[in-house]
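One structure below.
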Amino acid sequence: MADAAPLVVTDALLVTQDTGRRVVRGDVRVEAGRFVHVGPRAPREGAEVVDGHRFALVPGFVNAHTHVAMGLLRGIADDVELAGFLETLFRVDAARTELDVEIGARAGIAEMLLGGTTSFLDLYYYEDAVARATEALGARGFLGWAVLDADKTTQRGAPLDNAERFLRRWSGHRSVEPLVAPQGVYVCSRETWLGARELAERHRTLLHYHLSETRREVHEHEARTGRRPAIWLEEIGALGPRQVAAHAVWLTGEEIAVLGRRQVGIAHCPSSNLKLASGGVAPVVELRAAGATVGLGTDSVASNNSLSMLREMHMAGLVQKNQRWDASVLSAQELLDLATIDGARLLGREAEIGSIEVGKCADFSVVRLDHPTLVPARAEALVSHLAYAMSDEAIDSVYVDGRPVVRHRALVRADWDQVRRDAESSSEALWAARGRA
Ligand SMILES: [Zn+2]
């Protein structure tokens, strides 16, 4: 698609998330999808000019862990722990068609865009369908093809071969980055895991996986192998940079040190952990201190049950503070970092996304300063409002690569009523499969 005409937004409050974390009133100019001016008095020649003085500009959020195609499964398995949750989910999954996945992904991506999320890291199968939905709605997708042992999958064909074909089909795409996603140690043998890692290295992609989400997973793995999951991964030579481990709740000090030393990225998913009663609280402070980059993920709407990164920031902050009897940990600024620039770093894209700076991709939200959840809309309180107070409805418009994807709370590149109607009708068969034992 051709680049949009240059865009200038004037006199807005810019939550830059640059190295100085400046919040300043000023202009931005976007050309060919990138910021070419951030600060006072942008040149306006040849540009569409938007008066921004009632708005803040915020970098697009990076959702570091989700299964966006599960958009049709919100509310399908509430109020049970992970084992019971997965039992229902696997049964429903077996009934899913590729079309269901695409329709679910459209619903999920629509929800994310309307909530200011412009990039997301996904783990699922039929990722071609998710890639098509990503492209159609205008998001930026980092899409991991789920890899697990051949005898444990509902995929047709060998998962590793499917993953490799997916990498080949989408490599070099502008808004879709394909990657490899071993689901977790509970469904991946040593050979499967190392095969996934080798595939990711050969294609120079990220590796994304679930790690130590529940005590049961940790204890069962320990009973089987004699090692806790992160130590086992270290010993088989699986850990390294360009990896994102989701959850990382049940870790020992030794495992935290190993993950930090190997520069493994962590996607913290507090809402999902709390709702599934994982019991512990991810050691976010220790992981960061050990050198791991930590981002924030919503997980799916089957376990969260929202894709709102604003809700997730709020939850992440409150849980860490309360758990540690220390209100100073994970400050509002740090929470916003997790949702933006640290998420970008997790994806190896900190030079491209995650902040409003000259040269970066113009992925940003336009936030209404007159919304009730932003009063008083003072520059010095804006980061606090984002972390603790703001609702998704305060987001007026969203841009990806300088192109509008949400304008005045309506999707630009899809018709929400159609997305919703397709989701409602596609959910029928999946919900019917729920009760089947
Ligand atoms: Zn997950």
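Being a predicted model, the structure only gives us computed values, none of them experimental. Order of appearance sets the numbers: ligands from 1, and atoms from 1 within every ligand.
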Worksheet item: Can you name the N/O/S atom of D299 that is nearest the Zn ion (ligand 1)?
Response: OD1

Worksheet item: Cut-off 3.5 Å, side chains only: do D342 and T293 have a donor facing an acceptor?
Response: no

Discussion item. Do T66 and D122 pair up side chain to side chain, a donor and an acceptor below 3.5 Å, judged on atom types alone?
Written reply: no

Discussion item. Using a distance threshold of 2.8 Å, state whether an N, O or S atom of H65 lies below it from the Zn ion (ligand 1).
Written reply: yes

Fill in: N, O or S atom within H210 nearest to the Zn ion (ligand 1), by name
NE2

Discussion item. With no hydrogens and no angle check, just 3.5 Å: does a side-chain donor-acceptor pair link E255 and S212?
Written reply: no

Response to the item:
Paired with W145, the side-chain hydrogen bond (donor to acceptor under 3.5 Å, both in side chains) test is passed by just one of Q155, E164, E127, namely Q155

Worksheet item: Got an N, O or S from C269 under 2.8 Å of the Zn ion (ligand 1)?
Response: no

